[in-house]
Amino acid sequence: MPVLTAPLEIHPCFGGAGHGRYGRIHLPVAPRCNLQCAFCDRRYDCANESRPGVTSAIITPEEAVLRTRRALLRDPRIRVAGIAGPGDPLANRETFDTLRLLRAHFPELILCTSTNGLLLEARLEELLAARLDTLTVTINAVTQETAQRIYTRVQWEGAGLPPGPGARLLLERQRRGLLLCAGAGILVKVNTVLIPGVNGHEIGAIARLAAQAGAAVLNIMPLIPCGQMGHLPPPTPAQLAQARREAGEWIPQFTGCRQCRADACGVV
C-alpha cells in the first residue's frame, strides 16, 4: 500500500472522494473524559446503536495494533486509523501510546484523533511527535451562555470547575488549540452538534471561527437526543440544511457524517 499524501481527499470523514470509497477503523482506547456534555450518555451499548461514545469494550494500545492488522487483512480499503473515544482521547495516555505504535507498525495509514479541545494546546507537541495527520475538534458554542447549557461539567487539573469559569476556559482553549494545530500543519475538521433552541443561533459564528482559525471543513451533526437532552427533538432536515447553508458561507461543509461508534470499522 503506498504512503498517502492527500488526506483531505482520502479520509472518509473529511469529504472529497474518500467517503464511500475508503474505510476507517476507530480504536476505543480512551475511556476517560474531562467534560460532561448534556447530550452524551456512554453507559449503554447495543449492537444496533451507532452514535459517538458507544463501544463494546475498551482495548489496550497493543490490542489496537492487533485489531488494526486484522482489519486491514479483511478490508484493504481501510486508509485511516482513528481514536474517537469513547472519552476524550487527549485526556488518556493510551491515546498517545496507540498513535506511536500505529505509526511504527502502519506508516502508510492516515492517523486521526478527535477532541473537545480542552487539552489541545497542552498535548499538541505529543500529537506532532506521533505525526498525527488529521484532527477533529468538536466546538458547539462560541459564548459562555450557550456553552453552560451544553457542558454540565468541566474537569481541569484534577478539579471540577463551576459552570461559568468552566465554560470560559473551554472556549478559550478550543480557540487557541484550533489555531495552533492548524498552524502546525495538522489537517483540522470542526464538528458541531446542532441543538435547536440551544446553539442554532451560533452556527454562523462557529463556522467563522473555524474558518479564521484555519480548519479545512465543518461537519454539522444533528442532535441525537440522549442524556440530559434526551427530551429534546433532533433538528428537522430543513433546520439542518439551513444551518449548513449558513455555515457554508464561511467554510466547506462535510455532509456525509454517520455519527459513528467509537469502535466503528469499515467503509462508511
Side-chain angles (χ1 to χ4, degrees), residues 13-14 33-40 52 88-91 113-124 135-156 160-184 186-225 227-229 232 234-236 239-255 257 259:
C13 306
F14 274 62
C33 196
N34 46 23
L35 293 184
Q36 178 59 59
C37 300
F39 52 75
C40 181
D88 185 76
L90 302 194
T113 194
S114 61
T115 179
N116 56 46
L118 184 62
L119 292 176
L120 201 45
E121 182 177 0
R123 300 289 187 262
L124 177 57
L135 174 75
T136 294
V137 184
T138 298
I139 299 177
N140 294 319
V142 293
T143 66
Q144 176 184 323
E145 292 74 19
T146 298
Q148 286 180 211
R149 298 180 66 185
I150 298 172
Y151 305 103
T152 61
R153 177 181 61 86
V154 177
Q155 194 79 10
W156 180 253
L161 299 181
R168 285 196 301 273
L169 177 69
L170 175 62
L171 296 178
E172 291 167 3
R173 291 282 167 169
Q174 287 176 334
R175 291 187 182 98
R176 182 163 174 80
L178 193 60
L179 277 166
L180 291 173
C181 283
I186 298 175
L187 185 66
V188 179
K189 169 167 63 78
V190 170
N191 275 1
T192 299
V193 178
L194 176 60
I195 312 169
V198 176
N199 69 346
H201 62 291
E202 294 191 1
I203 292 297
I206 294 171
R208 182 170 63 250
L209 168 66
Q212 293 175 344
V217 64
L218 178 68
N219 171 33
I220 301 176
M221 307 176 294
L223 170 73
I224 299 175
Q228 296 177 48
M229 289 187 169
L232 296 181
T236 65
Q239 287 173 321
L240 187 59
Q242 175 58 33
R244 287 170 172 167
R245 283 194 296 271
E246 183 179 352
E249 297 181 6
W250 293 98
I251 187 171
Q253 300 293 293
F254 175 61
T255 61
C257 180
Q259 294 173 280

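Note that CD1 of I224 and CD of Q259 are 4.0 Å apart. Values are rounded to the nearest 0.5 Å. Between the CD1 atom in I220 and the CD atom in Q239 there is a gap of 12.0 Å [rounded to 0.5 Å]. Of the inter-residue distances, the one linking I206 atom CD1 with T192 atom OG1 reads 4.5 Å to the nearest 0.5 angstrom. Note that CG of L218 and OG1 of T255 are 11.5 Å apart. Values are rounded to the nearest 0.5 Å. Expressed to the nearest 0.5 Å, how far CG of L240 lies from CZ of R245 amounts to 10.0 Å. Atom CG of L169 is separated from atom CG of L118 by 5.5 Å, given to the nearest 0.5 angstrom.
Between the side chain of R153 and the backbone N or O of G160, no donor-acceptor pair lies under 3.5 Å. Here the side chain of T152 pairs a donor or acceptor atom with the backbone of Q36 at under 3.5 angstrom. The backbone N or O of V137 lies less than 3.5 Å from no partner atom in the side chain of T115, so there is not a single donor-acceptor pair. Under the 3.5 Å distance criterion, the side-chain polar atoms of E202 are left unmatched by any main-chain donor or acceptor of N199. Proximity of a side-chain donor or acceptor of E246 to a complementary backbone N or O of W250 within less than 3.5 Å is not detected. Counting only distance, with no hydrogens or angles, the side chain of Q174 and the backbone of V142 share no donor-acceptor pair below 3.5 Å.
A 4.5 Å side-chain heavy-atom check between L35 and W156 finds every atom pair outside the cut-off. Looking at heavy atoms from C-beta onward, P225 lies out of side-chain contact with F39 at the 4.5 angstrom threshold. No side-chain heavy atom of C13 sits under 4.5 Å from any side-chain heavy atom of C257. Taking the side chain as every heavy atom from C-beta outward, C181 and L124 approach each other to under 4.5 Å. Between I195 and I150, some side-chain heavy-atom pair lies under the 4.5 Å cut-off.
A donor atom on one side chain and an acceptor atom on the other are found under 3.5 Å apart for N116 and D88. For Q144 and Q148, the side-chain atoms include at least one donor-acceptor pair closer than 3.5 Å.
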Evaluation steps, side chain to side chain contact (heavy atoms under 4.5 Å, CB included), between L178 and I139:
CA-CA 10 Å; L178 193 60; I139 299 177; 3.9 Å; yes
N191 vs S114, test: side chain to side chain contact (heavy atoms under 4.5 Å, CB included). Steps then yes/no.
CA-CA 9 Å; N191 275 1; S114 61; over 6 Å; no
For H201 and T146, what are the C-alpha separation, side-chain angles and deciding distance, and is it a side chain to side chain contact (heavy atoms under 4.5 Å, CB included)?
CA-CA 10 Å; H201 62 291; T146 298; 3.6 Å; yes
Using the side chain to side chain contact (heavy atoms under 4.5 Å, CB included) rule, take T113 and L135 through it: C-alpha gap first, then chi angles, then the decisive distance, then the call.
CA-CA 5 Å; T113 194; L135 174 75; 3.7 Å; yes
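With sequence neighbours excluded, the residues satisfying salt bridge (Lys or Arg N to Asp or Glu O under 4.0 Å) with E121 are R173, R176. Applying the ring pair (Phe, Tyr, Trp, His ring centres under 6.0 Å) criterion to F14, with sequence neighbours excluded, gives H11.
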